[in-house]
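Structure, as structure tokens:
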Amino acid sequence: MTVAHPDDRVPPPGRHGGDGPAVAAALGLDPAQLLDLSQNLNPFAPDVTTLLVSHLDTVRHYPDPRAATVLLAEALGIDPARLLLTNGGSEAISLVSREMGGRVAGEPEFALHPRHTTGPVWRSDPHSPSGRLATLEQQADVWDEAFYPLATGQWTAGRGQGMVTVGSLTKTFACPGLRLGYLVSDDIDRFARHQPHWSVSSPALATLPDLLERADLPSWAARIAAARSALSEELTHRGLALQAADAPWVLVAAELREVLARFGVLVRDCTSFGMPGVTRIAVPDATGLDRLVEALDSLGQIGASRKAVPSTW
């Protein structure tokens with residue numbers, strides 16, 4: 001097991017997960033040695049690096065998103081004229097926020113959503129951080145479906161006309177560095193006018209057809225649900241109170257980030273959600289779960305700092 005030197009300081013968490021390379025550097029570890037469960041990615045996605053290699057020659061050309069847009073629209077079951085490919089889900093959120101502004105339905109909610117006092121209502125589905133899928137009674141004007149495919153096995157809820165939807169292929173295909181997201185709207189031009197030219201890279205656009213060809217959403221969602229149950233069982237067996245809903249993560253009522261990082265496992269501190277004392281752990285594959293369990297068992301007695309996970313948000 002990877003164990004950091006006790007004198008090495010674990011850097012404080014940022015607003016988002018995925019700071020594995022920075023934590024590894026601070027602890028003197030090779031980033032490849034660190035199991036990063038602070039970022040919620042599909043643990044069963046195909047190896048994007050092997051697909052990307054065959055498209056490296058596209059760096060010599062300016063991006064043209066038209067063909068990739070048609071293919072993704074077909075997967076989503078929508079008219080390509082309603083779809084805009086973006087530089088990750090974060091750009092999709094930024095474009096909608098710039099054009100429409102808005103406010104969240106309630107707190108806690110994903111940090112990148114706008115926090116104005118008036119305007120369109122934003123909601124993530126499944127909700128971040130609770131992980132619960134939206135009910136039929138819950139309404140919003142802008143839906144963030146970043147984790148919807150992994151929670152349901154379907155690309156989108158297809159909420160119909162008048163709704164704006166943002167999505168992230170980063171999570172679905174476990175490729176945060178490739179930056180692939182999208183925006184769906186009946187009036188896509190109002191958002192596209194804010195997007196810089198050549199926003200999505202040529203390698204990302206060229207790799208997208210290969211990714212879509214290998215997508216198996218129903219299987220991935222079922223495997224994630226099973227892996228979430230296995231993760232929950234191991235955590236509960238070790239006396240940890242948790243909340244597991246529909247998303248590819250669980251919430252744990254204990255402060256685990258710093259102690260687990262020293263054993264080569266990084267998890268998400270939820271203080272930035274307004275939930276100090278709560279940890280979010282992404283669902284790992286079987287190998288990752290074995291590493292997490294080994295790290296937890298190496299801790300011995302879990303510290304006494306516990307906080308009840310809120311039952312409602």
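The basis for the numbers below is simple: all heavy atoms, side chains too, and nothing from hydrogens, waters or symmetry mates. All of these numbers come straight from a predicted model, not from anything done at the bench.
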(message) Under 4.5 Å between side-chain heavy atoms, counting indirect links through other Ile/Leu/Val/Met/Phe/Trp/Tyr residues: same cluster for L235 and V283 or not?
(response) yes
(message) Please determine whether a side-chain nitrogen of the Lys or Arg among R223 and D285 lies less than 4.0 Å from a carboxylate oxygen of the Asp or Glu.
(response) no
(message) With a 3.5 Å distance limit and no angle check, can you tell me whether R291 reaches the backbone of G288 through a side-chain donor-acceptor pair?
(response) no
(message) If we ignore hydrogens and angles and just use 3.5 Å, is the side chain of R214 paired with the main-chain N or O of D210 as donor and acceptor?
(response) yes
(request) Could you list the residues that satisfy ring pair (Phe, Tyr, Trp, His ring centres under 6.0 Å) with W143, not counting sequence neighbours? (result) none
(message) By the definition side-chain contact (heavy atoms from CB on, under 4.5 Å), identify the one residue from D19, L35, L27 that meets it with L266.
(response) D19
(request) Sorted by first residue and then second, give each ring-ring contact (aromatic ring centres under 6.0 Å, His included) pair with at least one member in residues 228-257; sequence neighbours left out. (result) F147-W249
(request) For T207 and F173, run side chain to side chain contact (heavy atoms under 4.5 Å, CB included): C-alpha distance rounded to whole Å, both residues' side-chain angles, the deciding distance at 0.1 Å, then the answer. (result) CA-CA 11 Å; T207 306; F173 294 107; over 6 Å; no
(request) Identify the two heavy atoms, one from G20 and one from L34, that lie closest to each other, and give their separation to 0.1 Å. (result) O-CD2, 3.4 Å
(message) I'd like to know if the side chain of R228 and the backbone of D246 have a donor-acceptor N/O pair within less than 3.5 Å.
(response) yes
(message) Quick one: does any side-chain atom of S54 pair with a main-chain N or O of T50 as donor and acceptor, under 3.5 Å?
(response) no
(request) Determine, stepwise, if the pair D187 / S185 fulfils side chain to side chain donor-acceptor pair (under 3.5 Å). (result) CA-CA 5 Å; D187 184 7; S185 170; over 6 Å; no
(request) Using a 4.5 Å cut-off on heavy atoms from C-beta on, say whether the side chain of P11 contacts that of V23. (result) yes
(message) Main chain of A282, side chain of Q39: is a donor-acceptor contact present, judged purely on distance under 3.5 Å?
(response) no
(message) If we ignore hydrogens and angles and just use 3.5 Å, is the side chain of R103 paired with the main-chain N or O of G119 as donor and acceptor?
(response) yes
(request) Look only at the side chain of S199 and the backbone of T86, and say whether a donor-acceptor pair between them is shorter than 3.5 Å. (result) no
(request) In plain terms, say whether E91 and R179 are close enough for a salt bridge, that is, a side-chain N and a carboxylate O under 4.0 Å apart. (result) no
(request) State which residue, out of I93, D144, D141, fulfils the side-chain contact (heavy atoms from CB on, under 4.5 Å) condition with W122. (result) I93
(request) Answer yes or no: is there a donor N or O on one side and an acceptor on the other, between the side chain of T152 and the main chain of Y148, under 3.5 Å? (result) yes
(message) Could you check, using the six-membered ring where one of them is a Trp, whether W220 and F44 have ring centers closer than 6.0 angstrom?
(response) no
(message) So that I can tick it off, tell me whether R115 and E109 are bridged by a salt bridge, with the cut-off set at under 4.0 angstrom between side-chain N and carboxylate O.
(response) no
(message) Would you say that L150 contacts N40 through its side chain, given a criterion of any heavy-atom pair below 4.5 Å between the two side chains?
(response) no
(request) To the nearest 0.5 Å, tell me how far L183 CG sits from I188 CD1. (result) 4.5 Å
(message) Side chains of T156 and E145 only: does a donor on one sit below 3.5 Å from an acceptor on the other?
(response) yes
(message) Looking at Q139 and L136, would you say the former's side chain and the latter's main chain have a donor-acceptor pair under 3.5 Å?
(response) yes
(message) I'd like to know if the side chain of N42 and the backbone of A174 have a donor-acceptor N/O pair within less than 3.5 Å.
(response) no
(request) Kindly work out whether a path of hydrophobic side-chain contacts (I/L/V/M/F/W/Y, heavy atoms less than 4.5 Å apart) joins L41 to L260. (result) no
(message) Can you see whether H55 engages T58 through a side-chain donor-acceptor pair at a distance of less than 3.5 angstrom?
(response) no
(request) State yes or no: do L299 and V265 share one hydrophobic cluster built from I, L, V, M, F, W and Y residues joined by side-chain heavy-atom distances below 4.5 Å, directly or via other members? (result) yes
